[in-house]
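The structure appears right after this line, and notes come after that.
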Amino acid sequence: MAADGIVILGAGPAGAAVAIGLARMGEPVVLVGEPRRFAAVEGVSARVIDALRGLGLQRALTAFAPPSPRRAVWNGTYTEANVESLVDRQRFDQGLLEDLERLGVPVVRGRVTALHPAPGGHELEIDTDAGPRRMAAGFLVEARGRAAPGGGAPRVRGVETVSLLQYWQGPAGEAGSTVLSVEDGWMWMAALADGRRYLQLTVDVASADLPPKRALCDYCSARFHAVEAAAPFVRDAQPVGEPHARTSTAVLNESVAGDDWIRVGDAAMAVDPLSGNGIFQALSSALQAPAVVATLRHDRGRTALAQHFHTRRIEHLFHRFARIGRDFYAQEARWPQAPFWAARRGWPDALPLHAKVRPETVRVARGPVVCAGRIVEQDVVVTPDQPLGVWHLDGLAVAPMLAALRREGGDALEKAAGEALLCARFGLERARAAALLAWMRAQNWLD
């Protein structure tokens with residue numbers, strides 16, 4: 001690849017989403033990566049599957065099991081509030097690579113061993129099955145997940161957390177998962193229909209009294225056998241191999257975009273796995289990244305705008321997911337003084353997940369948005385709950401409409417008059433104007 005091309009580091013959902021988006025825009029892109037090296041299972045919602053389907057990831061989608069209940073035993077209460085589809089991550093990651101190749105994205109299967117600045121961009125050293133390889137890149141997309149080097153940039157870190165993942169094998173049966181709170185942390189247990197079981201124990205780094213590595217297998221096995229909710233997952237099953245320990249600490253990189261590079265997915269911000277939103281948050285930070293990359297490469301006059309857009313979006317997503325986790329931790333009230341729970345029910349802050357919106361707190365301002373594959377500035381509606389701004393609703397630019405309604409004031413804010421104004425000024429049909437006006441009122445944009 002020429003030094004002016006784009007190289008994406010990482011073959012997970014974030015890297016794949018950016019690669020496909022850039023390829024569809026006609027950008028010269030190569031993805032470097034390999035499937036993860038340890039077995040794991042995740043649960044995802046239907047909206048994640050819809051997003052993956054929209055990217056054309058046919059092979060990767062075959063790794064998902066049919067929807068099953070996501071059971072929770074939290075604060076002593078049993079619930080089945082959600083449904084999720086379990087996915088074998090190794091099979092999913094392999095499917096991603098096959099889909100990328102089928103969609104025409106060049107793939108180098110291997111692991112980056114070194115990365116250096118070079119004239120006009122970057123130089124990479126890659127370990128492949130065929131031997132070492134060097135590549136040049138004019139632009140880099142860092143998508144290697146939590147394993148991505150930090151580059152010396154400052155990071156915001158949550159409470160230090162570690163997860164111990166143990167693989168078990170049992171007889172075939174129904175797929176399903178359960179999350180369970182315990183005094184020193186929480187457990188997540190998943191069973192696939194073919195009898196594979198994935199049991200994870202998440203604990204506090206500072207307070208956990210973990211045994212030496214050689215004793216971790218027996219330790220995890222004993223912990224799972226000791227809780228009733230784990231019985232369906234360990235019954236007639238045996239652990240296979242050694243537990244895999246990995247960090248689960250929430251991390252936000254404070255520098256996520258430069259002139260010739262950006263970070264996406266877990267390489268930009270990694271959330272607490274309790275939320276069950278790992279693949280979702282990776283896609284959330286990646287789906288709009290191709291517009292950021294294209295702007296940085298081709299529209300130098302908007303470099304600062306594109307960097308600002310990407311940085312604020314990553315920060316907003318990180319704090320949103322962190323507060324979701326905080327509120328879920330706060331629901332567990334049985335061990336208020338236990339170190340694990342005491343450290344997490346107040347992080348990252350005391351701000352509500354959804355800020356209260358009143359008409360006087362809603363304003364129209366200029367903000368960066370994605371338009372025709374570039375980051376540009378437009379009028380958006382900014383609220384305490386939508387600090388990044390709302391540009392479009394159902395294809396309609398809402399800021400000019402809100403501004404017009406406010407300028408008229410008085411009678412224009414009444415239902416019939418407001419509908420008539422939107423119809424006359426913006427050419428809307430009456431039903432669409434009525435729906436838009438009702439939505440604005442439901443959001444407390446109007447009195």
For residues [X] and [Y], establish whether the separation of their ring centroids is below 6.0 Å.
X: H225; Y: W168; value: yes
X: W439; Y: W445; value: yes
X: Y198; Y: Y167; value: yes
X: W347; Y: W341; value: no
X: Y329; Y: F340; value: yes

Charged N to carboxylate O below 4.0 Å: is that the case for [X] and [Y]?
X: D93; Y: R36; result: yes
X: E101; Y: R109; result: yes
X: R297; Y: E27; result: yes

request  = Please step through salt bridge (Lys or Arg N to Asp or Glu O under 4.0 Å) for the pair R144 and E142, ending with a clear verdict.
outcome  = CA-CA 6 Å; R144 285 179 287 176; E142 177 57 87; 2.7 Å; yes
request  = May I have the step-by-step check of side chain to side chain donor-acceptor pair (under 3.5 Å) for R358 and N444, ending in yes or no?
outcome  = CA-CA 5 Å; R358 301 183 303 276; N444 290 326; over 6 Å; no
Could you tell me if the side chain of [Y] sits less than 4.5 Å from the side chain of [X], heavy atoms only?
X: L252; Y: H319; answer: yes
X: V41; Y: V87; answer: no
X: V7; Y: L124; answer: yes
X: P348; Y: R323; answer: yes

Separation between SG of C220 and NE2 of H244, rounded to the nearest 0.5 Å =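 One finds 12.0 Å between SG of C220 and NE2 of H244.
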ask   = In Å, rounded to the nearest 0.5 Å, how long is the span from CG of L216 to OG of S221?
value =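 One finds 12.0 Å between CG of L216 and OG of S221.
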key: Worked check of side chain to side chain donor-acceptor pair (under 3.5 Å) between R320 and Q281   = CA-CA 10 Å; R320 176 171 172 261; Q281 74 85 11; over 6 Å; no
request  = Please lay out, stage by stage, how E419 and R430 fare under the test salt bridge (Lys or Arg N to Asp or Glu O under 4.0 Å).
outcome  = CA-CA 7 Å; E419 292 174 9; R430 194 68 180 229; 2.9 Å; yes
inquiry  = Taking the six-membered ring of F280 as reference, does the cationic atom of R47 (NZ for Lys, CZ for Arg) lie under 6.0 Å from its centre and within 45° of its axis?
reply    =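 The answer is yes; both the distance and angle limits are met.
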request  = Kindly indicate, with the supporting measurements, whether the criterion salt bridge (Lys or Arg N to Asp or Glu O under 4.0 Å) is fulfilled by R196 and D88.
outcome  = CA-CA 10 Å; R196 284 177 292 164; D88 177 341; 2.6 Å; yes
query = Among V182, V162, L164, D209, which one satisfies side-chain contact (heavy atoms from CB on, under 4.5 Å) with V203?
reply =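 Single pass found, and it is V162.
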key: Stepwise side chain to side chain donor-acceptor pair (under 3.5 Å) test for R263 and S255   = CA-CA 8 Å; R263 287 176 169 264; S255 181; over 6 Å; no
side-chain contact (heavy atoms from CB on, under 4.5 Å) evaluation trace for V264 with V256 = CA-CA 8 Å; V264 297; V256 295; over 6 Å; no
